Amino acid sequence: MPFFPVLFHRRLVALLAILLAQPVFSAVQPSPGASLSDEEIIRQYKERCEYILNQTIETTDPNDLSTGSLFQVAVNLHKGTNIEWARKRLVFDNQPPSGNMFWVLPMVLLMQVAKDIEEETGQSLLTNDDWAFIRTLWRTYFPYRGDTENHWIMYYVSLYLAAEMFPEDGPERWYNGKSSAENMAEAREYIEDWIKITTSYGQGEYDSPNYIGEYTRPMALLAGWANDPVLRQKGKMMMDYLLLDFAVENLNGIYGGAHSRVYPRYLVQPSLTASAAHGWLFFNQGEYLANSSNILIALSGYTPPPILLRIAQDRDNPYIHRELKRTRWRLRNVGETAFEIDGKSTIPVYKYSYVHQDYILGSSQGGLLQPIQQQTWSLIWYEPKPAGISNTMFGIQPYSSPFEGTMYFGENWDTVTDLISRSKVDYDSEDKLEGGSPYEQIFQHKAALIALYDIPEGTRFPLIHTFFSRDLKNREENASGWIFAQGGPAYIAYRPLAPGEWKPVDWTGLLKSGAGNYFSATLSPTSGFEPLAGGSESYVSYELQNGYIVQIASVKDYDSYEDFKNAVVALPLEFSLTPTPSVTFTDLEGTELSAQYGKAPSINGKEVDYSTWKLFDGPFAQAEKESESLEMIYGQERYFLDFKNARIETSILPTK
Amino acid sequence: MKTLFSFFFILLFSAVELTAEKTEERVQMFAALSMTKAQESSSVPTDAGVFLYNNEGQWTRFGPKIINIASATADSRNPDTIYLACGNGISRSRDGGKTWRMTTGWEVSDVKTIAIDPTDQNNVYAATAWGVWLTRDGGESWVEATTGLPKKYSRTILLDPSDPNRLLVGTEGGIYVSHDKAQTWKHVPTSPETTVFRIKQSKANPNLWIAGTHKNGVLLSTDNGKTWASTAPTLRKANIYGVAADSSNATHLAASGWGVGVSISIDSGKTWIDRSEGLPSPHVLALVFDQNHPGRLWASTFEEGTFYTDDLGLTWYEGGIYGAYVWDLGFLPQKP
């Protein structure tokens, strides 16, 4: 009991230290990357890396063994600070070991960091007993490989690097009864296979603002510590690849567009995501956010090519960016559009983003493209300081079914929804904010989006809803049927095709209760429901055949809000909801868009051909399907990733 | 001629000895489980693995603590060789569980059940969520064996003890049969095209097979798995996860499922009666007749404990492992 106030005080001091330290970077608006030299971009990046490490040290309490991640232990070992705490914390945190694939990764990190220091200085940071303890853990603790690609890539990269440290060890030294050589061979095969599939058919857990770190961490591990030159190179190249994927759909450090996986807290506050932490580190945008992936990357020595920052920062001209991704592997209910890669089923995901300096509107085609946490479409608008602002809009059909669960997991039909809801607590709730639906079809052209729904009778949650942020201004329901609002520098027009009603976000109260630790149930400025999501509303419609149109425009393109509203109201629009929903709408640029549920959409009468979709197709990035390559272009600067040959090419393109 | 006769006599005597040994085969019950009852705000169960039921009525851990173990199988001729069907692949022990080796690589995962050829222990077959895999060298190497399976998701695999070339597998597309040691598969026409969760064969009457299905209730075969027909009309639309055949009585069968508890047949599957009263939950996912106590039936409810009955479900007794989600109940042969 006497210890509690002391610990509390120290944590408070640490928290204040973080808060006070943040303005050092957040107060400075990033310079346009185009005007900075490569050297300056890299110098500033390394400065931010150093800042991360110093912040991590500052938040270490050497008198408290009960807190501090293994990432924090690694930083302290790297910096030579709080060594005794680090050694003891390593042991304390492993009584017993837990976390499976989330355990192996930081364990390898701290082992590699300790080894680096020992090799550089000749001094042992960890004692023989410490190393013996670590080796015992690897012999006795059997980490589960997991059930998603991020789990597997973390598991196998970590296993590879752990085994590479002890290449001669026999099977008796490892939990799975395989020798170091066998573990390395297996891990390498998976890593190479994952890279090949990703660069040929797209990432399975694509563009996740939350899970981007679950991919950058293992890739940075490879880039930083693999002895094998090919794997080391491919790790670096995959880091470039993943960050380019983010950079082209980035707006001031926020990940725009459609996403495979997002958690509720981050849906309503995009500036809190791991991708936002990456946005600050890699693109010098947004604000510093403590993040374990950034810690690992800062330790790894990985340096991004300067072209990434330039692409991420340049929003001078709006552009269309298309991507081809794939769903996670489907076990059952694979569907008619499924195809196999290496004997496993998936379907294509067609991503479309319209990237504007004031907003990003992005979408996928709809359907069950990812279990549980899919965001099928979203709007984000520019905020100079997005922290605390809910600068987003999105809509969903809250689908919950064992049909989806058994599609992606090996569980039983009758237990899968319950077990999903043990961790993704809102999955089976009608007011959830994320998830795909087989009854949803999305079509987007530039700043206009059409969503159609055909929900069968008997569906568990027979409704659709759209998130309207508390940070929207001037929201009004027009007599024409349009709902108008302004988000930062973007005008928003939303036309429901069926009647609806306004409800507070989280109208069932699940999230307010702190469900699943998504939000703190107690008052907290950084994690409570009210500070993060309170005041926002959902537009809810219970018609089974349904839909809406979204039209976005930049404030600067109109003389006034009234002008924008008048322009939208005057747009030609025809729609019907029976027998199936269909819309023909002419957008603000005069393009006629037609969509009918169950059929391919058309633009000015021409059907959209998804079969020609490339892996990346935009002004800054090009990659053909099955190419195992990616070309980044910025002005005359070209940066080419050739995964077949583990080679990077840089060149200056001729002036156009 | 005399020598030949003597040789034949020795063989016969040995066979009798073997048979005698087999009838006195020592077995121990296992449960492959995850402790999910206390799993809150987490995707990870609080405990998991294979647990053995000992003479004192206690469940004790056997083998490594690994999340997502669905079943265990041991070689009946060499009980020291044991395979675990794991999320991470197929783990094997050759020393009765003292040491373990993950025999599969990254390609094999989400393994549900394993069958060992009783005539050649090098032939081992695995039903996985991604299809059937087999080994011809006792687990040193594994290859995919899905030729003829249009839907790969496989839950249960059995080898016909009278014909080691013949296997049956329960898949998302129904029951499939192989007559060439899993090289190729063909749909059993009388099997509905639905997921088959569990297939069991009666040791007391090898012609009698029983299967549990997704939304198609209980299937029965009385011709050694060649043809199948629906039985238990009250369960016809149920998800049946557990089926069992009493090795001590050819007429006794049991089936269990989600929301339907346990049903019993005492006439080889012709008629069925609900025997769920006394169980704390109608969700029963695993069933097995006890090979150490003839006539005893074990049933595992979803998270509400495992129970046994000695009177075909008229009375149920607590059998422990409260909070568990049991994927499989079965028996591992023990050394004599």
Side-chain angles (χ1 to χ4, degrees), chain A residues 96 98-100 102 140-148 151-152 155-156 159 171-172 174-179 182-183 185-191 193-194 329-334 340 342-345 402 406 409-415 418-420 422-425 514-518, chain B residues 34 36-45 48-49 63-70 86-89 91-93 99-107 109-112 128-131 144 146 151-153 155 171-173 195 197 214-215 238-239 241 257-259 283 285 302-303 325 327:
Chain A
S98 63
N100 299 291
F102 291 99
T140 56
Y141 175 53
F142 201 120
Y144 178 45
R145 192 169 51 184
D147 56 15
T148 74
H151 292 168
W152 281 44
Y155 175 91
Y156 275 123
L159 179 60
E172 72 284 355
W174 298 99
Y175 60 90
N176 58 7
K178 292 182 179 179
S179 68
E182 289 172 313
N183 278 322
E186 178 183 340
R188 184 189 185 112
E189 209 172 277
Y190 177 75
I191 294 163
D193 189 73
W194 176 78
W329 303 123
R330 289 182 169 183
L331 293 149
R332 283 169 280 185
N333 320 321
V334 299
E340 286 194 356
D342 286 355
K344 291 183 176 176
S345 294
T406 56
F409 302 104
E411 273 299 332
N412 286 324
W413 178 272
D414 294 294
T415 55
D418 178 7
L419 292 174
I420 286 173
R422 303 286 173 95
S423 59
K424 313 296 183 287
V425 183
N517 299 322
Y518 294 149
Chain B
S34 295
T36 55
K37 178 84 173 174
Q39 181 186 324
E40 289 178 12
S41 298
S42 169
S43 57
V44 182
K65 179 180 177 178
I66 317 178
I67 290 174
N68 203 358
I69 298 183
C86 308
N88 276 27
S91 192
R92 181 194 65 201
S93 174
T99 61
W100 295 87
R101 173 181 166 81
M102 191 59 71
T103 63
T104 47
W106 66 270
E107 304 94 334
S109 66
D110 303 296
V111 186
K112 301 303 181 190
T128 84
W130 307 96
E144 193 176 351
T146 53
K151 293 181 176 179
K152 293 181 180 176
Y153 180 85
R155 278 289 291 261
T171 75
E172 187 193 359
T195 304
F197 296 121
H214 175 66
K215 294 186 177 175
N239 292 338
Y241 296 102
W258 192 262
H283 311 311
L285 300 180
F302 180 61
E303 298 181 337
Y325 171 11
W327 267 85

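In what follows, every heavy atom counts, from backbone to side chain, and hydrogens, waters and symmetry copies are set aside. None of the values given here were measured: they were computed from a predicted structure. In what follows, chains are A, B, ... by sequence order, proteins preceding strands, each numbered from 1.
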Please round to the nearest 0.5 Å and tell me the distance separating atom NZ of K152(B) and atom CD of E340(A).
4.0 Å
Whatever's closer than 4.5 Å to a heavy atom in chain B on F409(A) counts as neither
Scored by heavy-atom pairs under 4.5 Å with chain B, the best of R332(A), E182(A), E186(A) is R332(A)
Just by distance, with hydrogens left out, do R145(A) and N68(B) show a side-chain donor and acceptor under 3.5 Å apart?
no
If you look at every heavy atom in Y241(B) and W413(A), which pair is closest and at what distance?
OH-N, 3.5 Å
S91(B), part contacting chain A, at a heavy-atom distance under 4.5 Å
neither
Proximal component of Y141(A), with respect to chain B [non-hydrogen, under 4.5 Å]:
neither
If I take atom CH2 from residue W152(A) and atom OG from residue S109(B), how far apart are they, to the nearest 0.5 angstrom?
4.0 Å
E172(B)/R330(A) salt bridge by N-O under 4.0 Å criterion:
no
Residue selection (most heavy-atom pairs with chain A, distance under 4.5 Å) from M102(B), E40(B), R92(B), E107(B)
M102(B)
For Y325(B) and T415(A), work out which heavy atoms get closest and say how close.
OH-OG1, 3.0 Å
Before giving the answer on side-chain contact (heavy atoms from CB on, under 4.5 Å), spell out for R422(A) and T36(B) the whole-Å C-alpha distance, their side-chain angles and the decisive distance to 0.1 Å.
CA-CA 9 Å; R422(A) 303 286 173 95; T36(B) 55; 3.9 Å; yes
Which atoms of N412(A) are under 4.5 Å from chain B, going by heavy atoms: the side chain, the backbone, both sets, or neither?
both
Under 4.5 Å from any heavy atom of chain A - which part of K65(B)
backbone
What residue in Y155(A), Y190(A), Y156(A) has the most heavy-atom pairs under 4.5 Å with chain B?
Y190(A)
Interatomic spacing from CZ in R101(B) to CD in E172(A) - rounded to 0.5 Å:
11.5 Å
Quick check on the interface: out of W100(B), W130(B), W106(B), who has the most heavy-atom pairs with chain A under 4.5 Å?
W106(B)
If you count heavy-atom pairs within less than 4.5 Å of chain A, which of D110(B), N239(B), L285(B) leads?
N239(B)
Atom group of N100(A) that falls short of 4.5 Å from chain B, counting heavy atoms:
side chain
Interatomic distance, CG@L419(A) vs CD@Q39(B), rounded to 0.5 Å, equals 6.0 Å
Working to the nearest 0.5 angstrom, can you tell me the gap between T128(B) OG1 and L331(A) CG?
9.0 Å
Any side-chain heavy-atom pair of F302(B) and D418(A) under 4.5 Å:
yes
Euclidean distance, N88(B) CG relative to Y144(A) OH, rounded to 0.5 Å:
7.0 Å
Heavy-atom pair of closest approach, residues P64(B) and F142(A)
CB-CD1, 4.3 Å
So, the side chain of Y153(B) versus the backbone of G410(A): is there a donor-acceptor pair under 3.5 Å, distance only?
yes
Between V425(A), D193(A), T406(A), the one whose heavy-atom pairs under 4.5 Å with chain B are most numerous:
D193(A)
What one should report as the nearest heavy-atom pair of S423(A) and S42(B) is CB-C, 3.4 Å
Among A129(B), G105(B), G87(B), A70(B), single out the residue with the greatest number of heavy-atom pairs under 4.5 Å to chain A.
G105(B)
With a 4.5 angstrom heavy-atom cut-off, could you sort out which part of T104(B) is near chain A: side chain, backbone, both or neither?
backbone
